[in-house]
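Small disclaimer: the values here were computed from a predicted structure and weren't measured.
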Amino acid sequence: MRPADYIASLFKPSGGPGGESAAYDFDPIGSYFYNCPAEEGVFQIVDAETTADLDLNAVFEKIDRTTSRVGQQYLYARLRTLRGEEDAADFDRRVGAFENDDELMQRCAGHLARLAGDDAYDLCRLIFDTPVRVRRIGLIYALTAAATAALLLAPFYPALLLLFVAIYAVNMYIHYSNKINISLYTSAVKQLSTALKTARHLAAEGVPGSDEAARPIRRVAEVEHRSRIVGTQGDGGNELAAVGWLAFELVKIAFNIEVILFHRFTGSIATHRDAIHDVFRFIGRTDAAISVMRLRRAAKTCRPTFTDGKYLEAVQVVHPLIEGCTANTLTLDGTGLLLTGSNMSGKTTFIRTVMLNALLGETLCTCFAERFTAPYMRLHSSIRISDDITEGTSYYLQEVLTVKRLLEDADRPAACLFVLDELFKGTNTTERIAAGKAVLARLNRGPHIVLAATHDIELAELLRGDGYELHHFREEVADGRLVFDYCLHTGPLTTRNAIRILELYDYPPELIAEAYDTQQKLLGKG
């Protein structure tokens with residue numbers, strides 16, 4: 001595998017929804033995921049550390065083929081939420097509904113295109129935001145009743161017109177103060193109407209989940225009916241542009257119509273929030289399923305096989321971010337993997353590749369491999385660790401805290417996949433090897449599978465009795481240059497080329513000679 005290509009690929013522009021080039025803004029894309037409370041029965045939430053370790057945002061840009069913003073938000077949340085083997089199988093069935101029906105897929109994409117604008121990101125605000133409630137609603141109802149009575153009785157008691165004018169002035173202040181509240185919901189409410197129309201069309205197509213969505217769609221229709229005052233009457237510019245709207249505006253002010261309807265609307269939002277969420281998920285799941293079907297057609301992928309026991313098989317597995325990625329095969333039966341190799345040889349990229357495909361298999365039921373078999377596991381990584389200046393935490397202490405969380409999870413019964421790169425590299429060689437050996441031996445007990453990459457060849461010998469298979473990536477010096485094959489090789493790495501690489505880059509000869517001499521002494525041959 002080519003790590004240099006992998007790094008370069010992270011900076012390439014990616015295709016947006018519908019295949020168009022677009023910049024991905026993960027604030028609105030991730031808003032649904034970050035606001036959604038942990039659902040009961042969720043197996044694991046992929047944390048920020050693992051997201052960074054796997055370059056998951058860049059992977060999302062690569063695989064996203066959704067049409068709507070709702071689908072995009074749902075797909076991102078799905079990629080970071082493990083819900084169990086049964087949920088993965090259910091999602092695979094939804095994807096399969098479009099496998100042999102291109103016409104259905106095209107019709108559904110047409111319906112979903114209604115929500116392709118960036119304003120559709122706001123729809124999830126109706127699910128999670130605390131509704132703004134109208135204050136002193138009792139007083140507002142009283143003012144409305146007084147204005148109505150004064151106007152009706154004015155022909156008999158003309159002096160009541162003065163009272164009506166006074167009440168109108170107060171109502172005008174209330175009306176335009178409430179415009180600020182309405183403006184917070186205008187975009188979301190317009191999208192609610194569009195989402196309801198989209199959901200109805202998808203249900204009419206009979207896509208998976210249509211029967212379950214029927215009741216939420218009916219309930220959301222009640223909210224949408226009450227929301228029209230917010231979505232269509234809250235735009236002051238449009239109202240003042242036409243005489244008819246101006247007349248209606250004056251009537252609304254006199255009797256607090258807009259304020260009262262907004263109060264009823266926010267109450268409906270609170271009451272029907274679950275139904276809105278169900279409609280959101282129905283649209284999102286459908287779009288995500290179509291996106292995954294498009295991905296399967298565009299790239300060489302497979303459905304994973306979930307198995308019991310401590311077994312992992314990744315046949316011709318590749319990383320989706322690496323163009324022309326060298327495919328490799330790994331089989332672990334009751335063992336962990338200890339991977340050695342020099343810098344840039346591909347070892348870190350490979351363990352990332354296996355873990356990423358495990359994640360894609362568990363969330364999207366899709367792997368970039370010819371065959372991928374593993375248990376449904378919790379996923380934990382320790383690859384990219386940095387100092388925390390704000391907390392005054394050193395690199396080594398950050399490693400200690402990260403690995404401690406992994407050890408705590410290893411004590412739980414659920415099987416885990418642990419991926420670690422250069423364990424404890426923030427400390428000296430002797431203690432790094434000693435602590436690393438102890439941690440890796442502990443993590444590899446029970447049902448867990450460990451993939452560990454290291455420069456420390458000494459670990460290979462120390463861990464022979466702790467259930468680790470030894471593999472390595474190698475490089476060769478040929479014709480005065482460094483050559484990598486990016487192929488996984490069985491057994492420990494036996495060559496040492498670090499000083500030879502210094503020679504290739506014209507380090508001073510006397511420095512090279514001293515380095516070789518010191519190496520011989522350290523190996524006990526001097």
Side-chain angles (χ1 to χ4, degrees), residues 17 25-42 45 66-81 83 87 91 94 111-112 114-134 181-203 209-210 212-231 234 261-289 291 363:
D25 184 351
F26 282 92
D27 287 336
I29 292 172
S31 60
Y32 175 70
F33 168 74
Y34 289 113
N35 284 287
C36 195
E39 299 173 33
E40 203 170 317
V42 165
I45 300 295
T66 54
T67 301
S68 71
R69 299 311 190 192
V70 171
Q72 194 179 55
Q73 289 175 315
Y74 180 84
L75 181 65
Y76 182 79
R78 182 164 194 87
L79 192 61
R80 293 190 58 179
T81 309
R83 295 181 173 88
D87 177 80
F91 183 73
R94 292 174 186 268
H111 303 320
L112 291 163
R114 294 186 179 92
L115 294 167
D118 287 349
D119 286 349
Y121 285 133
D122 290 336
L123 180 61
C124 67
R125 293 184 53 220
L126 297 179
I127 303 170
F128 303 117
D129 287 6
T130 301
V132 177
R133 304 309 299 267
V134 177
N181 295 333
I182 289 178
S183 67
L184 299 175
Y185 288 90
T186 302
S187 175
V189 164
K190 287 178 179 177
Q191 297 308 313
L192 178 65
S193 178
T194 305
L196 181 62
K197 185 181 296 184
T198 301
R200 282 171 169 161
H201 282 288
L202 292 175
S210 296
E212 296 88 342
R215 185 169 181 272
I217 288 172
R218 287 195 299 271
R219 294 190 65 205
V220 171
E222 300 172 15
V223 181
E224 193 268 341
H225 179 73
R226 292 181 177 180
S227 71
R228 290 174 187 169
I229 191 70
V230 179
L261 288 177
F262 179 76
H263 173 71
R264 295 180 64 191
F265 159 72
T266 55
S268 296
I269 290 293
T271 304
H272 296 78
R273 183 172 292 179
D274 289 344
I276 297 172
H277 197 175
D278 286 341
V279 169
F280 182 98
R281 280 187 289 227
F282 173 59
I283 295 170
R285 283 182 186 133
T286 303
D287 201 357
S291 175
T363 55

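- Judged as a side-chain hydrogen bond (donor to acceptor under 3.5 Å, both in side chains), and not counting sequence neighbours, the contacts of R94 are D90.
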Might you work through the side-chain contact (heavy atoms from CB on, under 4.5 Å) test for T81 and T363, ending with a clear yes or no?
CA-CA 7 Å; T81 309; T363 55; over 6 Å; no
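- Judged purely by distance below 3.5 Å, without hydrogens or angles, the side chains of Y121 and Q72 pair a donor atom with an acceptor atom.
- Of all non-hydrogen atoms in A213 and P216, the two that sit nearest each other are O-CD, 3.2 Å.
- Evaluation of the side-chain hydrogen bond (donor to acceptor under 3.5 Å, both in side chains) rule for D118 yields R69 as partners, not counting sequence neighbours.
- Looking at residues two or more places apart in sequence or on another chain, you find a salt bridge (Lys or Arg N to Asp or Glu O under 4.0 Å) between R78 and D87.
- Note that CG of D122 is 7.0 Å distant from CD of Q191, once rounded to the nearest 0.5 Å.
- For D278, the salt bridge (Lys or Arg N to Asp or Glu O under 4.0 Å) partners are R281, not counting sequence neighbours.
- Qualifying side-chain hydrogen bond (donor to acceptor under 3.5 Å, both in side chains) partners for Q73, counting only residues two or more places apart in sequence or in other chains: S31.
- Residues that satisfy the side-chain contact (heavy atoms from CB on, under 4.5 Å) test with A199, not counting sequence neighbours, are I217, V279, F282, I283.
- Atom CZ of R273 sits about 8.0 Å away from atom CG of D129, to the nearest 0.5 Å.
- Taking D119 as the reference, nothing meets the side-chain hydrogen bond (donor to acceptor under 3.5 Å, both in side chains) condition, with sequence neighbours excluded.
- Evaluation of the side-chain contact (heavy atoms from CB on, under 4.5 Å) rule for F26 yields Y24, I29, N57, F60, E61, Y76 as partners, not counting sequence neighbours.
- If you take OG1 on T66 and OH on Y74, they are separated by 13.0 Å, rounding to the nearest 0.5 Å.
- With sequence neighbours excluded, no residue forms a side-chain contact (heavy atoms from CB on, under 4.5 Å) with D274.
- Applying the salt bridge (Lys or Arg N to Asp or Glu O under 4.0 Å) criterion to R83, with sequence neighbours excluded, gives E39.
- T198 contributes a side-chain N or O that, together with a main-chain N or O of T194, makes up a donor-acceptor pair within less than 3.5 Å.
- H201 NE2 to L196 CG: the interatomic distance, rounded to the nearest 0.5 Å, is 10.0 Å.
- When all heavy atoms of L75 and A288 are compared, the pair lying nearest together is CD1-CB, 4.0 Å.
- Using a 4.5 Å cut-off on side-chain heavy atoms (C-beta onward), V70 and L112 make no contact.
- Looking at E222 and R218, their side chains never come closer than 4.5 Å, going by heavy atoms from C-beta outward.
- Under the rule for a side-chain contact (heavy atoms from CB on, under 4.5 Å), the partners of A77 that lie at least two apart in sequence or sit in another chain are Y32, F33.
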